[in-house]
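Only a predicted model underlies this, so the values are computations on that prediction, with no experimental measurement involved.
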Amino acid sequence: MTRRVRPGRVALNAGTLVFCAIWLFPVYWMVNTAFKPAGDIVAPTPRFLPFPLSLANFADAVHKPHFASYALNSVIVTGVVVTLSIVVAFLAATALTRFRFFGRRGFLVGILVIQMIPGPALLIPLFLSLKSLDMLDTLLGLMVTYSAFVLPLTIWVLRGFLHGIPVELEEAAMVDGADRFTVIRRILLPLVMPGIIAASVFSFIVAWNDYIYAYVMMKDQSRYTLPVWLASFSTNIGVDYGGLIAGSTLFALPIVVFFMLIQRRLVAGMTAGAVKG
């Protein structure tokens with residue numbers, strides 16, 4: 001039997017393809033421009049295929065001063081922020097779902113309110129706080145700042161997952177002789193892993209992409225991160241478009257790889273976290 005084609009479904013699919021093409025075109029144009037020779041980048045007639053291919057822009061970007069140290073700083077800060085936020089958020093979400101204590105609902109409302117505050121609005125208070133703690137111009141201060149931004153949402157996401165796990169599973173394991181650590185390692189962690197992955201993606205993006213806090217909090221240029229390195233392609237005498245586009249491509253590559261590695265669990269985690277809670 002032939003399957004009947006519905007005009008509405010065809011129009012929906014066509015609209016989806018058009019939307020995806022519009023959304024992906026800037027990414028395509030960034031990669032396309034990164035492989036163009038310098039003369040073709042500013043040519044009045046656009047070229048939609050980068051022929052002949054040129055790696056000169058990538059060479060200029062990689063050989064720019066402090067690239068290696070900035071990349072290392074970004075990797076260290078992002079890795080610590082993701083790890084710290086997931087561990088603290090998991091413990092906090094466990095306490096919120098498994099224990100009853102005074103102020104629990106107020107705490108939940110508080111983390112939602114904090115999440116609504118724009119990041120730049122907290123720049124001066126955080127700057128003064130880190131200054132009083134003698135943590136300015138340190139990677140540790142940057143890690144603490146980013147962790148403070150990502151913790152409210154990561155706690156809320158993991159709470160949604162833990163709230164959907166029956167307490168009877170833990171009680172049955174404890175009756176069989178398992179301690180609290182064993183219950184967390186063998187029961188809770190495997191079941192909440194999609195939520196951990198979804199929360200880690202959010203933490204990764206916040207820590208990897210931030211520019212303003214890394215620029216304001218750091219005086220020593222050796223402690224800058226990659227977003228500040230990208231901004232250095234724009235100077236008072238002009239913009240190095242080739243280096244900027246190639247640097248942006250290299251900067252986005254770790255995020256793309258990270259998404260490709262965890263995309264299946266990410267979709268499952270975000271869907272489950274949206275319906276539980």
Side-chain angles (χ1 to χ4, degrees), residues 20 23-31 34 61 67 70-90 92-93 111-112 114-123 126 139-161 192-218 223-231 233 244-274:
C20 292
W23 185 81
L24 290 174
F25 182 79
V27 179
Y28 156 75
W29 195 252
M30 178 183 70
V31 178
F67 168 74
Y70 291 177
L72 180 61
N73 292 340
S74 289
V75 171
I76 293 174
V77 170
T78 303
V80 172
V81 169
V82 172
T83 304
L84 181 63
S85 62
I86 292 302
V87 172
V88 175
F90 178 78
I111 61 177
L112 285 180
I114 292 174
Q115 190 64 34
M116 297 176 186
I117 301 176
L122 299 175
L123 181 60
L126 285 173
L139 294 181
L140 178 60
L142 206 58
M143 297 171 189
V144 172
T145 301
Y146 294 158
S147 298
F149 279 120
V150 303
L151 272 175
L153 184 60
T154 52
I155 291 175
W156 190 264
V157 171
L158 294 183
R159 174 190 171 273
F161 279 85
V192 82
M193 187 56 65
I196 291 177
I197 293 175
S200 64
V201 169
F202 172 74
S203 303
F204 184 93
I205 292 175
V206 170
W208 185 261
N209 287 346
D210 177 74
Y211 164 77
I212 185 170
Y213 280 91
Y215 182 74
V216 172
M217 301 294 185
M218 300 297 177
R223 293 187 174 91
Y224 283 158
T225 54
L226 283 179
V228 183
W229 168 75
L230 281 178
F233 288 96
L244 178 61
I245 296 299
S248 300
T249 304
L250 293 174
F251 179 74
L253 190 59
I255 300 179
V256 174
V257 173
F258 188 63
F259 266 75
M260 291 177 64
L261 293 176
I262 51 87
Q263 59 178 339
R264 292 185 178 180
R265 289 198 173 188
L266 174 63
V267 174
M270 295 184 68
T271 303

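You'll find the side chain of Val206 stays beyond 4.5 Å of the side chain of Val81, heavy atoms only.
Evaluation of the side-chain hydrogen bond (donor to acceptor under 3.5 Å, both in side chains) rule for Thr154 yields no partner, not counting sequence neighbours. In this structure, the ring pair (Phe, Tyr, Trp, His ring centres under 6.0 Å) partners of Tyr213, at least two apart in sequence or on a different chain, are Phe149. By the side chain to side chain contact (heavy atoms under 4.5 Å, CB included) test, Leu84 is found to be paired with Val88, Ser147, residues two or more places apart in sequence or in another chain being considered. Residues satisfying the side chain to side chain contact (heavy atoms under 4.5 Å, CB included) criterion with Thr225, sequence neighbours excluded, are Asn73, Ser74, Leu142, Ala214, Pro227, Val228. In this structure, the side chain to side chain contact (heavy atoms under 4.5 Å, CB included) partners of Val31, at least two apart in sequence or on a different chain, are Phe35, Thr249. Taking Ile111 as the reference, Phe107, Leu108, Pro152, Ile155, Trp156 meet the side chain to side chain contact (heavy atoms under 4.5 Å, CB included) condition, with sequence neighbours excluded.
Tyr211 and Ala231 make their closest contact through CE1-CB, 3.7 Å (heavy atoms, listed as atom of the first residue, atom of the second, distance). The minimum heavy-atom distance between Ile86 and Leu158, with the atom names listed, is O-CD1, 4.2 Å. Among all heavy-atom pairs drawn from Gly79 and Thr83, the shortest one is O-OG1, 2.9 Å. Nearest approach of Ser85 to Val150, heavy atoms of both residues: CB-CG2, 3.5 Å. Closest non-hydrogen pair, Ala34 versus Ala246, comes out as CB-CA, 3.9 Å. Considering all non-hydrogen atoms of both residues, Ile117 and Ala121 come closest at CG2-CB, 4.4 Å.
Taken from CG in Leu253 to OG in Ser248, the straight-line distance is 12.5 Å, to the nearest 0.5 Å. Atom CG in Asn209 sits 9.5 Å away from atom OH in Tyr146 (nearest 0.5 Å). The line from CE of Met217 to CG of Leu123 is 5.5 Å long, rounded to the nearest 0.5 Å.
Centroid-to-centroid, the aromatic rings of Phe67 and Trp229 come within less than 6.0 Å.
Side-chain atoms of Thr78 never come within 3.5 Å of backbone atoms of Val75 as a donor-acceptor pair (strictly under, hydrogens ignored). Between the Trp208 side chain and the Leu226 main chain, no donor and acceptor come within less than 3.5 Å of each other.
When the shell of 6.0 Å around CZ of Phe25 is examined, it contains more than 12 heavy atoms from other residues, nucleotides or ligands.
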